[in-house]
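Working notes, structure below.
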There are 2 protein chains.
Amino acid sequence: MKLASSRDRAPGRPVSRQVLADHVYEELLAWLMDGRLEPGAAVSIDGTARELDVSPTPVREALARLEHTGMVRRVALKGYRVAPVFTREDFAELMEARLAIEPVNARLACRRLTPEGLADLRGAVKDLETAPRGPSFVEFRDYLEADERFHKLIAEQSGNQFMLAAYNALGGQVQRFRLFGGVGITDAEQAIAEHQAVFEALASGDPEQAAAAMADHVHKVRARAIADAPAD
Amino acid sequence: MKLASSRDRAPGRPVSRQVLADHVYEELLAWLMDGRLEPGAAVSIDGTARELDVSPTPVREALARLEHTGMVRRVALKGYRVAPVFTREDFAELMEARLAIEPVNARLACRRLTPEGLADLRGAVKDLETAPRGPSFVEFRDYLEADERFHKLIAEQSGNQFMLAAYNALGGQVQRFRLFGGVGITDAEQAIAEHQAVFEALASGDPEQAAAAMADHVHKVRARAIADAPAD
DNA sequence: AAGAGACCATTCCTATAGGATTTGTCTATG
DNA sequence: CATAGACAAATCCTATAGGAATGGTCTCTT
């Protein structure tokens, strides 16, 4: 694989405003989200550099950023590894945190909600409804993407940069759990209905109702996951 | 200034398990917390490398990590800058986020609170009471440190790694606000009393009371800051 | 005098090289 | 057979060099 280097670009059109480390970051993030990198797998700096046909320097910078998201962990002099699988305790903690943050996001977003924001949310819900939900990963990838996008849109439209930062501190982990947490994609019907409920509450303009709908959704996600969870 | 390089260490005692980039990260963080780097100031990669007598590579890695904390911002091909001063809106958003997160931390910490944890908290409150509070920075530096430590201890003792991550996403900003937000150190008496109230609520073992005390504290911090705020 | 263009110093960005550390394997010994 | 030690390959970590972009200054033109 070869990423476009900055000096490959035609002169006079440096509209990119992105450097190689940014591309590497996004590529690694995609690998993690795709499940191409399994939990616990080593992420070699030199190896990744060879794979992407760049030098180790931008790879090192990209991994330093990723570490702060919790997606990868670093051990000095030993390298980076994809964060390990979720335990049952990790999951309980994650849901506790989501319950503290996401209903607040919904309440705030309900206030400053613009017509454009509402349209974006409607689009995410639509995509969630129509996305294929086959057994293999490539088939429910779009479903997961729409799910994540819905929650992230709400965080963005809270209008609060710090709540967005707090959600992002969780967001990657939420996505990671969706991939590796064990609860496959068996709850699509109910999850879609709950997302619709959140959307309608937001559209209605009642902040408390929006917060309650979001809290209800997270509660039910937790309940379903616990019910489906394999016996560790 | 010269940081200890890994190959300066005597052979056979590599107990450090830290690499140069870690030292650079901590040094830069100290500079930011100390106020030695003012908001908006440029943080040159090469310049910092010369200052610390290391190569730009570890500096680059340290800054990549710092960017994710919000303490510095990066513009591609232009370099890093210390995040700009807080506006009144930024402050309002930060307090909103703290209200969403910190009372939950207090409630959780109140449950799993260990005797050691309680002792640590007591120590932080004591340090807050006894810290000097002179006009110059070096004189109230310990005060700010104890304040930050108290809140961080509660986040840690929530026992929830994600709530801790969410707080850390805010923590740096909270500290930054304390330094640059305008509200000097005029509210020490009241702030100390509120911290004592939070501590006693935690010690009493009533989670809801602990959450309420923390919410009350954040509310009052906000109220005082708004009252003291300079006219932009 | 005001603005446009060229030049230069500074800084960022990437690649490369080499030392330091870890890890796996292989052999020798008790 | 088990274990300790040595060797080798892979990897991480830091330094250095040079291309590329930016910002400021200076000069020239209108």
Side-chain angles (χ1 to χ4, degrees), chain A residues 1-28 31 37 40-68 72-82, chain B residues 1-28 31 37 40-68 72-82:
Chain A
M1 185 173 308
K2 183 162 175 29
L3 294 176
S5 166
S6 60
R7 80 170 139 298
D8 291 343
R9 290 195 311 266
R13 305 192 62 220
V15 288
S16 173
R17 289 296 167 190
Q18 257 195 343
V19 290
L20 222 40
D22 297 332
H23 289 289
V24 175
Y25 179 87
E26 288 168 13
E27 192 67 29
L28 280 174
W31 287 7
L37 263 48
V43 184
S44 158
I45 295 175
D46 291 345
T48 306
R50 283 193 298 273
E51 184 113 2
L52 297 177
D53 198 47
V54 298
S55 81
T57 310
V59 175
R60 179 173 294 278
E61 189 173 329
L63 281 169
R65 294 186 215 167
L66 269 178
E67 186 193 4
H68 227 284
V72 300
R73 293 172 196 276
R74 183 183 74 101
V75 178
L77 303 180
K78 288 190 57 179
Y80 290 87
R81 288 190 164 280
V82 181
Chain B
M1 182 172 310
K2 183 164 176 26
L3 294 177
S5 167
S6 60
R7 80 171 139 298
D8 291 343
R9 289 196 311 265
R13 305 191 61 219
V15 289
S16 173
R17 289 294 167 190
Q18 256 196 346
V19 290
L20 222 40
D22 296 331
H23 290 289
V24 175
Y25 179 86
E26 288 168 13
E27 192 67 28
L28 280 173
W31 287 8
L37 263 47
V43 185
S44 160
I45 294 175
D46 292 345
T48 306
R50 283 192 299 273
E51 184 114 3
L52 297 176
D53 198 46
V54 298
S55 81
T57 310
V59 174
R60 179 173 294 278
E61 189 174 330
L63 281 170
R65 294 187 216 167
L66 269 178
E67 186 193 3
H68 230 286
V72 301
R73 295 174 195 278
R74 183 183 74 101
V75 177
L77 303 180
K78 287 190 57 178
Y80 290 89
R81 288 190 163 280
V82 182

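Naming convention: chains lettered A, B, ... in sequence-line order (proteins, then strands); numbering from 1 in each chain.
Distances shorter than 4.0 Å separate none of the side-chain N or O atoms of A/Arg60 from OP1 or OP2 on D/dC12. Put simply, A/Arg50 has a side-chain N or O that comes within less than 4.0 Å of OP1 or OP2 on D/dT11. Checking the phosphate oxygens (OP1, OP2) of C/dT11, no side-chain nitrogen or oxygen of B/Lys78 falls inside 4.0 Å. Residue A/Arg81 has no polar side-chain atom (N or O) positioned under 4.0 Å from OP1 or OP2 of D/dC12.
The residue among B/Thr57 and B/Val43 whose nearest nucleotide of DNA chain C lies closer to the 5′ end is B/Val43. Along DNA chain C, the nucleotide closest to B/Asp46 and the one closest to A/Val54 are compared, and the more 5′ of them pairs with B/Asp46.
Considering only the side chain of B/Ser55, D/dT16 comes nearest among D/dT16, D/dC13, D/dT11. Listed nucleotides: C/dA15, D/dT22, D/dT14. Nearest to the side chain of A/Pro58: C/dA15. For A/Pro56, the listed nucleotide lying nearest its side chain is C/dT16; candidates were C/dT16, D/dT14, C/dC13. Set against D/dA21, C/dT14, D/dC13, the side chain of B/Leu77 has D/dA21 as its closest nucleotide.
Note on ring orientation: taking the six-membered ring where Trp is involved, the planes of A/Tyr25 and B/His68 are tilted (angle from 30° to 60°).
Within 4.0 Å (heavy atoms only), B/Ser44 reaches sugar-phosphate atoms of the nucleic acid but no base atom.
In this structure, OH of B/Tyr25 is placed 21 Å from C1' of D/dT14, rounded to the nearest angstrom. Protein atom CD of A/Gln18 is 11 Å distant from nucleotide atom P of C/dT14, rounded to whole Å. Whole-Å rounding puts the A/Tyr80 OH to D/dT11 C1' distance at 13 Å. Distance CD (A/Glu61) to P (D/dC12): 17 Å, rounded to an integer number of Å. Spacing between atom CG of B/Leu20 and atom P of C/dG19 amounts to 18 Å, rounded to whole angstrom units. One interatomic measurement links the two molecules: CD1 of A/Ile45 to C1' of C/dT22, which rounds to 14 Å at whole-angstrom precision.
No option in A/Leu63, A/Asp46, A/Thr48 other than A/Asp46 meets the side-chain contact (heavy atoms from CB on, under 4.5 Å) test with A/Pro56.
The distance from atom CZ of B/Arg65 to atom CG of B/Asp22, rounded to the nearest 0.5 Å, is 5.0 Å.
Residues B/Val19 and A/Arg74 meet the side-chain proximity criterion, which asks for heavy atoms closer than 4.5 Å.
Between A/Val24 and A/Ala62, the shortest heavy-atom contact is CG1-CB, 3.7 Å.
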